[in-house]
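Before any comments, here is the structure.
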Protein chains: 2
Amino acid sequence: MQVTDTVQDYLKTIYSIARAGDGVHTTVIADRLKVSPASVTSMIKRLSALGYLTYTRYQGVELTDSGTEIALEVIRHHRLLELYLHHSLGIPWDRVHDEAEVLEHAISEDLEDAIARILGDPTHDPHGDPIPPKSGVYLEVLHDTLEKAEPGPVRVERVSDRDPEVLRHLAKIGLQPGTEIVIERKDPYGGPVWVKVGKRRHAMGTELTTKVYVSKVER
Amino acid sequence: MQVTDTVQDYLKTIYSIARAGDGVHTTVIADRLKVSPASVTSMIKRLSALGYLTYTRYQGVELTDSGTEIALEVIRHHRLLELYLHHSLGIPWDRVHDEAEVLEHAISEDLEDAIARILGDPTHDPHGDPIPPKSGVYLEVLHDTLEKAEPGPVRVERVSDRDPEVLRHLAKIGLQPGTEIVIERKDPYGGPVWVKVGKRRHAMGTELTTKVYVSKVER
DNA sequence: ATCTAAGTTTAGACGCATCTAAATTTCCTG
DNA sequence: CAGGAAATTTAGATGCGTCTAAACTTAGAT
């Protein structure tokens, strides 16, 4: 059997759920891919038979080395494309995700190489996500979410690329990967987190904060 | 039902067979798409039900306006992409066809527009094929093949993009759209056509000549 | 004009990716 | 620790796009 676009999507999604630290369960995959849980079970069985993941009924899945390899290849395509579309074609950063989602399955290895070369073999995409290298070791540093980080000055490392609306809002208030912001105070009961971006103060609702990842800055 | 990549491929292929002046019969479509004639018949029925073509059993098909519209949109994508890949990404002209074949289904209208703008709304792709406009009238000028043209000076207008090997050969001898060449003599019984490109003389076998389209040059 | 070869369509099947509804298992709560 | 809610899997079905083998139609040659 061949590796279809759909198979690539499953593997990529499973990889990214696992990276986030959560167990990889049927429902989560189903939610992300917008298919029914039953569809996920059926696909998981096929992926397992193909050796891309190990599967224990009712317990969730784990990617094998060959599954991870495919996932990283697709993710590399995705992130290179996001950067390319933004830099070379001027597509606004809140729209590059959806374009890349389709194109990631359509570019050849030659094209991938050409794009990487033109961009100067970049290490991060416009949302701060690291780009897996063509070959060799790949380690993703895990950053705290805005919610979990301690008050004080922090650097924005990464922003989830999945919600265009959130991205437009973040761009508007000047919050991008690389920006230094200050977490002002925290409400222990899950209320909004107040942050200072430049000279302005903003309330970040909980549905937003889970999408921004930061690291502590020493001053 | 939705317009899948496969549907787009059928409509595009049917358009281009019709343009070449041949009747559009099952076997021809099957050969081009590398599927069985039975598959073509079955797909044709669906396309007919969708209103993309008219179909008379055993007689061939003809695109409707809505079928033509989709075909031209895909062809526009294809040709813009060929040009873009060549100009902006430096992909050699004998490889852009295969890349574009996949990407043509993957780019959004926004991306199409961005590419067209960057290229300055071009009218022809690297093989000399005209690029259908986003909207408005589209007429393809039909040129003679090298075989059919009269001896004398001619301008290369178009070269079929389908065979990478032929393209590499043509590039090697310096024959591209825009080049002026001289047809030296003709063998009425289908032998090679001798042409002068620059100062060199070349024999073009019949399997080659059907792929080069020229127009007479007045001197 | 008939017969045959080539082209085309039908019949029936298969794999992929999905769905809904029903059955099963897990896990949490009282 | 028992019972029910939530998660998961099974069963069975569907549409797409393809195939092979067999039947049929068309057109060309004698």
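Chain A is the first sequence line, chain B the second, and so forth, proteins listed ahead of strands; every chain is numbered from 1. These numbers come from the heavy atoms of this one structure, side chains and all, not from hydrogens, waters or symmetry mates. Here the structure is a predicted model, which is why all the values come from computation and not from measurement.
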Item checked: OP1 or OP2 of D:dT25 under 4.0 Å from side-chain N/O of B:Arg57 -> no
Next item on the list: Under 4.0 Å between any heavy atoms, over every strand shown, what does B:Ser39 touch: base, sugar-phosphate, or nothing? Just pick one.
Entry: base
Note to self: Please classify the nucleic acid contact of A:Thr6 as base, sugar-phosphate, or nothing, using heavy-atom distances under 4.0 Å.
What the structure shows: sugar-phosphate
Whole-Å distance separating the [atom1] atom of [X] from the [atom2] atom of [N]:
{"X": "A:Leu47", "N": "C:dT18", "atom1": "CG", "atom2": "P", "result": "11 Å"}
{"X": "B:Tyr55", "N": "D:dT25", "atom1": "OH", "atom2": "C1'", "result": "11 Å"}
{"X": "A:Asp5", "N": "C:dA17", "atom1": "CG", "atom2": "C1'", "result": "12 Å"}
{"X": "A:Lys45", "N": "D:dT10", "atom1": "NZ", "atom2": "P", "result": "4 Å"}
{"X": "B:Ile29", "N": "C:dT9", "atom1": "CD1", "atom2": "P", "result": "9 Å"}
{"X": "A:Arg46", "N": "C:dC14", "atom1": "CZ", "atom2": "P", "result": "16 Å"}
{"X": "B:Tyr10", "N": "D:dC16", "atom1": "OH", "atom2": "C1'", "result": "11 Å"}
{"X": "B:Gln2", "N": "D:dG17", "atom1": "CD", "atom2": "P", "result": "8 Å"}

Check: Is there a side-chain contact between A:Leu170 and A:Val212 (heavy atoms, below 4.5 Å)?
Finding: yes
Check: Is there a side-chain contact between A:Ile131 and A:Pro122 (heavy atoms, below 4.5 Å)?
Finding: yes
Notebook entry, point to check: Can you check ring pair (Phe, Tyr, Trp, His ring centres under 6.0 Å) on B:His77 and B:His105, steps first, answer last?
Noted result: CA-CA 8 Å; B:His77 282 189; B:His105 307 294; 8.8 Å; no
Proximal nucleotide (of [options]) relative to the [X] side chain:
{"X": "A:Val35", "options": "D:dT10, D:dT18, C:dC19", "result": "C:dC19"}
{"X": "B:Gln59", "options": "D:dT26, D:dT10, D:dG17", "result": "D:dT26"}
{"X": "A:Ala38", "options": "D:dC16, C:dT10, C:dT20", "result": "C:dT20"}
{"X": "B:Tyr58", "options": "C:dT10, D:dT20, D:dT25", "result": "D:dT25"}
{"X": "B:Ser36", "options": "C:dA17, D:dC19, D:dT10", "result": "D:dC19"}

Note to self: On DNA chain C, compare the nucleotides closest to A:Thr4 and B:Thr26; which residue's is nearer the 5' end?
What the structure shows: B:Thr26
Item checked: Residue met sooner reading DNA chain C from 5', once B:Thr56 and A:Met43 are mapped to nucleotides -> B:Thr56
Next item on the list: Could you tell me which non-hydrogen atom of B:Val3 sits nearest to which non-hydrogen atom of B:Gln8, and how far apart they are?
Entry: CG1-CG, 3.6 Å
Next item on the list: Flag yes if more than 12 heavy atoms outside B:Glu140 fall under 6.0 Å of its CD atom; otherwise flag no.
Entry: yes
